[in-house]
Amino acid sequence: APAAVAGPHPGTATTGVLLDKSAKGTWKVRVEGFLEAGPITNSKAMPGSLQPGETVRLKVRSNNPKNPSFDWIKEN
């Protein structure tokens, strides 16, 4: 297996594909460049109409290869 490498730097704008939503309402998202899926920290701000498989705009919050996290970028 390849060594775990950190993904893009925190603050980098990217996109991800929504996977599923936890009981607490936190989305998990798969982002290119990261081996692991991670949570969207501000999931509660996201529209309730979003569905798994949709692509959303994000910025990297943590690029820890084992436990990345992301912030949703609000569309205007």
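Starting from 1, each residue takes its place in the sequence as its number.
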Cationic N near anionic O, under 4.0 Å, D20 to K28
no

As an exercise, state the distance from [atom1] of [X] to [atom2] of [Y], rounded to the nearest 0.5 Å.
| X | Y | atom1 | atom2 | value |
| --- | --- | --- | --- | --- |
| R30 | F70 | CZ | CZ | 9.5 Å |
| S62 | F34 | OG | CZ | 8.0 Å |
| I73 | K59 | CD1 | NZ | 6.0 Å |
| N63 | H9 | CG | NE2 | 7.5 Å |
| L58 | T41 | CG | OG1 | 9.5 Å |

Applying side-chain contact (heavy atoms from CB on, under 4.5 Å), can you list everything that pairs with [X], at least two apart in sequence or on another chain?
| X | value |
| --- | --- |
| L50 | L18, W27, M46, P47, E54, V56 |
| K44 | none |
| T55 | T15, V17 |

L19 and A37 have their tightest heavy-atom pair at CD1-CB, 3.5 Å

P8 and G33 have their tightest heavy-atom pair at CD-O, 4.4 Å

Under a 3.5 Å distance rule, please check whether D71 uses its side chain to pair with a backbone N or O of R61 as donor and acceptor.
no

Under 3.5 Å: donor-acceptor pair, side chain of N64, backbone of N67:
yes

Are the side chains of K21 and S43 in contact, using a 4.5 Å heavy-atom criterion?
no

